[in-house]
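Just so it is clear, the model here is predicted, and its values are computed rather than measured. Residue numbers begin at 1 in each chain, while the letters A, B, ... track the order of the sequences.
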Protein chains: 2
Amino acid sequence: MRITVLGCGRWGSFLSWYANKQGHAVKLWGRDTSFNYQKLLQTRTNDYLLLPQNIQLTNSLEEAIASAELIFIAISAQELRGFAKQLNSLDLTNKTFVLCMKGLEMNTGERLTRVFKEEIQQPVHVAIWVGPGHVQDFVQDIPNCMVIDSEDNDVMKRIVDGLGSETIRFYYGEDVLGNEIGAAAKNVIGIAAGILDGLGYTSLKGALMARGTKEIARLVKAMGGNELTVYGLGHLGDYEATVFSKHSHNRRFGEAFVRQEPFEKLAEGAATVKALLQLSAKYEVELPICQAVNDIVWETQDAQKQINKLFMRPVKFENL
Amino acid sequence: MRITVLGCGRWGSFLSWYANKQGHAVKLWGRDTSFNYQKLLQTRTNDYLLLPQNIQLTNSLEEAIASAELIFIAISAQELRGFAKQLNSLDLTNKTFVLCMKGLEMNTGERLTRVFKEEIQQPVHVAIWVGPGHVQDFVQDIPNCMVIDSEDNDVMKRIVDGLGSETIRFYYGEDVLGNEIGAAAKNVIGIAAGILDGLGYTSLKGALMARGTKEIARLVKAMGGNELTVYGLGHLGDYEATVFSKHSHNRRFGEAFVRQEPFEKLAEGAATVKALLQLSAKYEVELPICQAVNDIVWETQDAQKQINKLFMRPVKFENL
């Protein structure tokens with residue numbers, strides 16, 4: 001297949017490397033002003049991998065899109081709306097897009113496939129790629145399981161047939177809404193995990209997993225999705241990478257935050273938690289863990305007090 | 001309340017220490033021939049805690065039981081049937097027992113409450129205590145959430161009212177079957193996690209969590225329980241302690257096993273996996289992860305091959 005990857009950060013550069021390895025003709029697009037793009041252009045390498053010569057780097061969106069049969073998007077979630085507006089000025093008729101980011105629009109709570117479809121006023125196919133997997137592992141052939149989800153089964157099949165391998169075993173998703181909410185929300189649970197680590201409450205991460213999945217499952221169900229999706233690869237399956245890994249950006253952010261240590265930039269989960277609270281209000285679903293993360297990160301509430309409050313809620317039945 | 005704890009290993013000695021701290025009158029029973037019992041008798045201490053003087057140590061089952069309003073049992077799961085036979089020779093009328101072990105009878109697949117009721121031919125109340133929590137944390141007042149489950153709501157309430165604290169926050173369980181199967185099965189997932197760690201596949205533990213919970217949930221559902229119970233504190237909530245902690249006995253067993261390093265004794269999950277395969281056959285539920293653990297631990301199959309086999313199953317929909 002002719003595959004284009006839009007975005008050349010860690011995940012975008014990996015996707016191009018991986019698609020090339022599966023035998024596809026790959027173009028990798030980045031903005032001319034992007035540090036990542038310039039570095040790849042000059043050195044064909046970054047912190048994670050070496051880009052083979054037959055991957056074509058380009059800063060022209062038009063060229064990147066024109067011949068592509070499959071287009072992966074891997075940019076910052078909060079930039080998707082603006083980027084989609086830009087894409088919409090090109091002819092995208094019947095193109096297939098795969099959104100590879102995990103997030104929700106901060107100010108609206110909107111899912112990324114919805115944001116994308118709102119801005120792309122043309123007939124296109126859309127899928128998402130979620131689930132666990134570290135670039136650092138994949139480039140060493142350490143395998144993992146991931147999920148492709150789409151409302152269009154033929155699109156899913158085409159992506160899985162073209163990209164599945166002994167390194168990435170794909171499952172077909174069955175609930176785009178649940179997978180999008182779940183994939184985004186795991187970053188918030190990651191921040192919560194970091195907060196627990198920072199307070200010396202690492203052993204509470206078990207309870208965090210059980211209670212965190214439950215509140216996100218409640219939300220997905222209220223929104224019309226399948227609550228069981230949350231317990232699949234896209235949310236729970238990503239907890240190793242997010243809740244436990246020392247590499248997790250969101251977990252490290254939470255830990256540094258409560259320890260009042262410097263941290264280079266805001267984690268994606270900090271935007272996502274605001275989106276989730278929009279959804280909490282709209283669908284009238286209580287999200288106590290998300291609320292606590294929000295109050296600690298955005299309202300400068302005391303972390304220890306918020307965690308105690310979570311624990312001091314009245315005794316209750318587990319499935320509530 | 002007058003509380004008796006039967007069994008003076010790590011968990012039993014902690015239960016007596018904790019019940020005493022909540023203001024109850026506590027007796028702790030152990031066999032006269034038990035190393036743990038003799039050590040507590042002579043030093044009032046073990047590797048985890050110092051036993052206050054007002055906890056009465058006894059090796060007389062009759063004395064331990066006679067005045068007790070609430071009796072905790074914390075012995076090896078495989079010894080429960082024999083122990084219950086022995087208990088049944090005493091007058092137990094209307095006594096309340098709380099089973100605090102996590103296991104299934106190896107040769108029958110039977111749940112521990114069933115084993116207990118089969119042997120106790122008297123009218124008694126039975127509850128179980130499951131969920132995460134390290135003795136090492138609790139003695140330092142690091143809190144956690146746990147579950148009391150029973151078919152009798154009054155019994156649950158009595159236990160939670162008497163034992164809940166700022167250190168242990170209890171939830172009421174709603175599915176004894178699901179909680180017993182889940183609490184036992186998490187030890188098998190712990191062995192699987194150790195196998196992954198031993199093979200250098202730590203990042204697959206995310207997929208293990210998603211796929212492991214799913215197969216146990218399928219089993220619980222087929223047995224007549226609620227599949228969501230598996231995602232509660234009793235199974236998933238115990239994964240931090242079992243799948244990730246360096247202290248987890250089952251995880252360390254799995255890791256040492258594939259590395260062919262010596263390991264002092266068989267982990268409880270090694271017995272439980274045999275029980276789960278009995279249930280798999282009886283209820284016609286596929287348990288691929290449990291099967292792989294069994295084949296590696298009991299059938300000396302190659303771990304790498306078994307893990308690859310798990311990954312090479314055909315692409316499929318996630319909820320299957």
(request) Compare every heavy atom of Y231(B) with every heavy atom of T213(A), then report the nearest pair and how far apart it is. (result) OG1-O, 4.2 Å
(message) To the closest 0.5 Å, what do you measure between CD1 (I142(A)) and CG (L199(B))?
(response) 10.5 Å
(message) Heavy-atom cut-off 4.5 Å, strictly under: side chain, backbone, both or neither for F244(B) against chain A?
(response) side chain
(message) Quick one, Y201(B) and D137(A) - any side-chain contact, counting heavy atoms below 4.5 Å?
(response) no
(request) Would you name the heavy atoms of L310(B) and R169(A) that are closest together and state the gap between them? (result) O-NH1, 3.1 Å
(message) Please classify the contact of T202(A) with chain B as side chain, backbone, both or neither, using a heavy-atom distance under 4.5 Å.
(response) both
(message) How close do K214(A) and L228(B) get, counting heavy atoms only, and between which atoms?
(response) NZ-O, 4.3 Å
(request) Measure M146(B) against the heavy atoms of chain A and call it side chain, backbone, both or neither at under 4.5 Å. (result) neither
(message) Counting heavy-atom pairs closer than 4.5 Å to chain A, which one of P143(B), A217(B), G173(B) comes out on top?
(response) P143(B)
(message) If you count heavy-atom pairs within less than 4.5 Å of chain B, which of A241(A), G164(A), C145(A), P132(A) leads?
(response) C145(A)
(request) Grab the two heavy atoms, one from A207(A) and one from N144(B), that are nearest each other, plus how far apart they are. (result) CB-OD1, 3.9 Å
(message) Among D238(B), T242(B), V243(B), L233(B), which residue has the highest count of heavy-atom pairs closer than 4.5 Å to chain A?
(response) L233(B)
(message) If I compare all heavy atoms of E240(A) with all of S203(B), which pair ends up nearest, and what's the gap?
(response) OE1-CA, 3.4 Å
(request) Can you tell which part of Q136(B) gets under 4.5 Å to a heavy atom of chain A, answering side chain, backbone, both or neither? (result) neither
(request) Flag yes if more than 12 heavy atoms outside E151(B) fall under 6.0 Å of its CD atom; otherwise flag no. (result) no
